[in-house]
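Below is one structure, written out as structure tokens; comments come after it.
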Amino acid sequence: MDTPGTISCDDELRNWPAGEDQARAVQDRLRPHVRLDEPGPEPGFEGTVVGVDVAYDDARDVVAAAAVALDARTRAVVDEATAVGQISFPYVPGLLAFREIPTVLDALARLTRTPDLVVCDGYGLAHPRRFGLASHLGVLTGLPTIGVAKNPFTFHYALPGPDRGATSPLLDGTEEVGRALRTQRGVKPVFVSVGHRIDLDRACAQTLHLAAHYRLPETTRAADALCRRALADA
DNA sequence: GCGACAG
DNA sequence: ATCTTGTCGC
């Protein structure tokens, strides 16, 4: 049985859901473990921010994940790791975590130090059941996580102002589940949501600091490039 | 029933 | 996510 506030990552992996109904049940069971009461690290803190990403080859049934650790202040790459596996779940909107997490966990385990913050491609709280990829990865690892997505999924938003740093609420009805964040002037915004153990203001501030030169955070760009290389070499 | 739908 | 060349622009 689960102890309140504690889950076993190994047990969750052992009992990976076989179908969509089971997967949704897992999300409903794990959702109460998400912690939204911690402010999380400030941008530029002493430590590492890790970007994770995954690439697929459906024809070969191969998935490659990458984890790239950056110095949180300077954004210099300080560590990186990859992992290759078999595709464990089809892509179903709302169930992305079940497709990505097993291999991502492998890659994270191969880093030489524990991340202080993990940046995911996709969403955390901004999810039909408030438990997206970033929330799920946060609960399984216990690490602070955020989600940075390239499109608004099923949610609505007004375009933020044109300046870098401008934001607007990402809405599910009237509930703010994340924010549209302009990381570069005049460039389409990214969509930030909280995963685990960080608040939305800090999640946006971290994203802005990491996206100093491009639309997407350096963490995401580095992890994306690395997992593609890992897939090609697999 | 129809359309929308992170990666 | 992935299939994919050249091309317009700073």
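Below, chains carry the letters A, B, ... as their sequence lines are ordered, and counting in each starts from 1.
Residue contacts shown for Ala126(A) are absent, as no nucleic acid heavy atom lies under 4.0 Å away. Counting non-hydrogen atoms under 4.0 angstrom, Tyr123(A) reaches a base of the nucleic acid. Within the 4.0 angstrom heavy-atom criterion, base atoms lie near Gly94(A). At the heavy-atom level, Ile87(A) lies nowhere under 4.0 Å from the strands shown.
Spacing between atom CG of Asp53(A) and atom C1' of dG7(B) amounts to 8 Å, rounded to whole angstrom units. Across the protein-nucleic acid pair, Phe98(A) atom CZ and dA6(B) atom P stand 17 Å apart, rounded to whole Å. In this entry the distance linking CG of Asp121(A) with C1' of dA6(B) reads 9 Å, nearest Å. Atom CG in Leu133(A) sits roughly 13 Å away from atom P in dA1(C) (whole-Å rounding). With rounding to whole Å, Asp172(A) atom CG is found 18 Å from dA4(B) atom P. As rounded to whole Å, 19 Å separates atom P of dG3(B) from atom CZ of Phe153(A). dG7(B) atom P lies 13 Å from atom CZ of Arg99(A), rounded to whole Å. Note: CZ (Arg60(A)) to P (dA1(C)) measures 17 Å, nearest angstrom.
For Gln206(A) (side chain) and Arg202(A) (main-chain N/O), no donor-acceptor pair under 3.5 Å exists by modelled atom type. At distances below 3.5 Å, at least one donor-acceptor pair connects side-chain atoms of Ser135(A) with backbone N or O atoms of Gly124(A).
Considering only side-chain N and O atoms, Lys150(A) lies under 4.0 angstrom from the phosphate OP1 or OP2 of dG7(B). Of the side-chain N and O atoms in Asn151(A), none sit less than 4.0 angstrom from OP1 or OP2 of dA4(B).
Closest contact between the side chain of Arg228(A) and the listed nucleotides dG7(B), dT2(C), dC5(B) involves dT2(C). Comparing dT2(C), dC5(B), dG7(B) by their nearest atom to the side chain of Thr154(A) picks out dC5(B). Here the nucleotide nearest the side chain of Leu231(A), chosen from dA1(C), dA6(B), dT2(C), is dT2(C).
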Which is it for Phe155(A) and Phe191(A) under the ring pair (Phe, Tyr, Trp, His ring centres under 6.0 Å) test, yes or no, and what are the steps along the way?
CA-CA 10 Å; Phe155(A) 306 107; Phe191(A) 303 89; 9.7 Å; no
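In this structure, Arg99(A) is positioned above the aromatic face of Tyr56(A), its NZ or CZ under 6.0 Å from the six-membered ring centre and within 45° of the axis.
Of the N and O atoms on the side chains of Gln184(A) and Arg215(A), not one donor lies less than 3.5 Å from an acceptor on the other residue.
For dA1(C), the base is not stacked against the aromatic ring of Tyr91(A), per a cut-off of 5.5 Å between centres and 30° between planes.
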